[in-house]
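Computed from a predicted model, the values in this text were never measured in an experiment.
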Amino acid sequence: MNYFFLLLAFLIGVTNTFQSGVNSQLRLATQNPILSSILSFATGLCVLLVCYMLFNKDSIPSFETFRSISWWKWLGGVFGAFYVLTVILIVKEIGPANLLCLIIAGQLVAGVLIDHFGWVGFAVHPMNIWRIFGIGLIIVGGVLVLKN
């Protein structure tokens with residue numbers, strides 16, 4: 001297993017936590033959760049455009065290629081918008097630890113189901129007792145964190 005990728009996965013968790021707080025503060029500054037979400041995505045878009053210009057070596061796909069993409073493959077942006085807007089709306093109410101605990105539990109349950117059924121193009125990794133036990137431990141840990 002590539003330890004660099006494991007480190008990057010860990011850093012995603014760290015930055016997700018800070019993103020929640022930063023976006024929550026942006027909401028306070030703008031007094032508008034939707035505008036804050038737009039600004040957050042616009043900043044991310046600018047960073048991605050710079051990365052694309054600096055590191056992309058492939059040509060831009062044709063318009064026809066974009067038109068041929070199945071509708072559900074565009075849902076990543078919808079899910080991202082749901083994530084950012086919802087976090088902005090609720091992180092101050094429930095706190096970052098509770099928020100992330102529930103997010104992680106949801107991600108793990110969804111991940112195990114996606115693995116088990118091979119949804120959205122992933123290889124099948126059947127559910128087994130160890131995965132179910134792991135989900136149980138996450139849920140127990142979540143209950144403990146939520147107790148404050």
Side-chain angles (χ1 to χ4, degrees), residues 1-30 33-61 65-66 69-70 72-148:
M1 186 160 305
N2 189 325
Y3 290 106
F4 178 69
F5 291 152
L6 297 176
L7 175 63
L8 285 178
F10 178 80
L11 291 176
I12 290 169
V14 171
T15 58
N16 248 345
T17 306
F18 279 100
Q19 179 190 27
S20 301
V22 168
N23 283 343
S24 178
Q25 290 300 308
L26 185 59
R27 175 190 180 188
L28 292 175
T30 65
I34 297 172
L35 177 60
S36 300
S37 299
I38 291 168
L39 293 172
S40 178
F41 274 95
T43 304
L45 176 63
C46 290
V47 169
L48 290 172
L49 288 171
V50 169
C51 288
Y52 187 81
M53 289 185 289
L54 292 175
F55 302 113
N56 183 58
K57 294 180 179 24
D58 300 324
S59 62
I60 297 174
T65 299
F66 287 113
I69 297 173
S70 302
W72 63 269
K73 293 179 182 176
W74 297 96
L75 290 177
V78 174
F79 296 152
F82 173 76
Y83 175 86
V84 169
L85 180 58
T86 305
V87 166
I88 286 172
L89 290 170
I90 68 173
V91 69
K92 286 287 235 183
E93 302 299 322
I94 68 173
N98 292 338
L99 172 80
L100 291 168
C101 181
L102 292 167
I103 288 171
I104 291 166
Q107 287 174 329
L108 185 59
V109 168
V112 168
L113 288 172
I114 289 167
D115 272 354
H116 181 75
F117 293 105
W119 291 334
V120 294
F122 284 101
V124 172
H125 298 279
M127 195 176 310
N128 59 38
I129 192 67
W130 296 111
R131 286 179 165 226
I132 294 169
F133 184 64
I135 290 172
L137 288 175
I138 290 289
I139 290 171
V140 168
V143 168
L144 293 174
V145 170
L146 291 169
K147 288 203 177 277
N148 289 317

Quick one: side chain to side chain donor-acceptor pair (under 3.5 Å) partners of [X], sequence neighbours excluded?
X   : result
S36 : T30
S40 : N23
T15 : none

Side-chain atoms of residues 75-96: list all donor-acceptor pairs with protein atoms under 3.5 Å, sequence neighbours left out, distances to 0.1 Å.
from	atom 1	to	atom 2	distance (Å)
Y83	OH	N16	OD1	3.2
T86	OG1	F82	O	2.6

L45/L49 under side-chain contact (heavy atoms from CB on, under 4.5 Å): CA gap, chis, key distance, verdict: CA-CA 6 Å; L45 176 63; L49 288 171; 4.0 Å; yes
Can you pull out every ring pair (Phe, Tyr, Trp, His ring centres under 6.0 Å) where at least one residue sits in residues 123-148? Sequence neighbours excluded, please. none
What residues form a side-chain contact (heavy atoms from CB on, under 4.5 Å) with [X], not counting sequence neighbours?
X    : answer
I38  : I34
L6   : M1, Y3
C51  : V47, F55
K147 : V143

Tabulate below the donor-acceptor pairs under 3.5 Å that side-chain atoms of residues 106-120 make, not counting sequence neighbours, or state none.
from	atom 1	to	atom 2	distance (Å)
D115	OD2	R131	NH1	2.9
D115	OD2	R131	NH2	3.2
H116	ND1	M127	N	2.8

So the side chain to side chain donor-acceptor pair (under 3.5 Å) pairs with at least one residue in residues 44-59 (sequence neighbours excluded) are Y52-N56
Residue pairs fulfilling side chain to side chain donor-acceptor pair (under 3.5 Å) with at least one residue in residues 136-146, sequence neighbours excluded: none
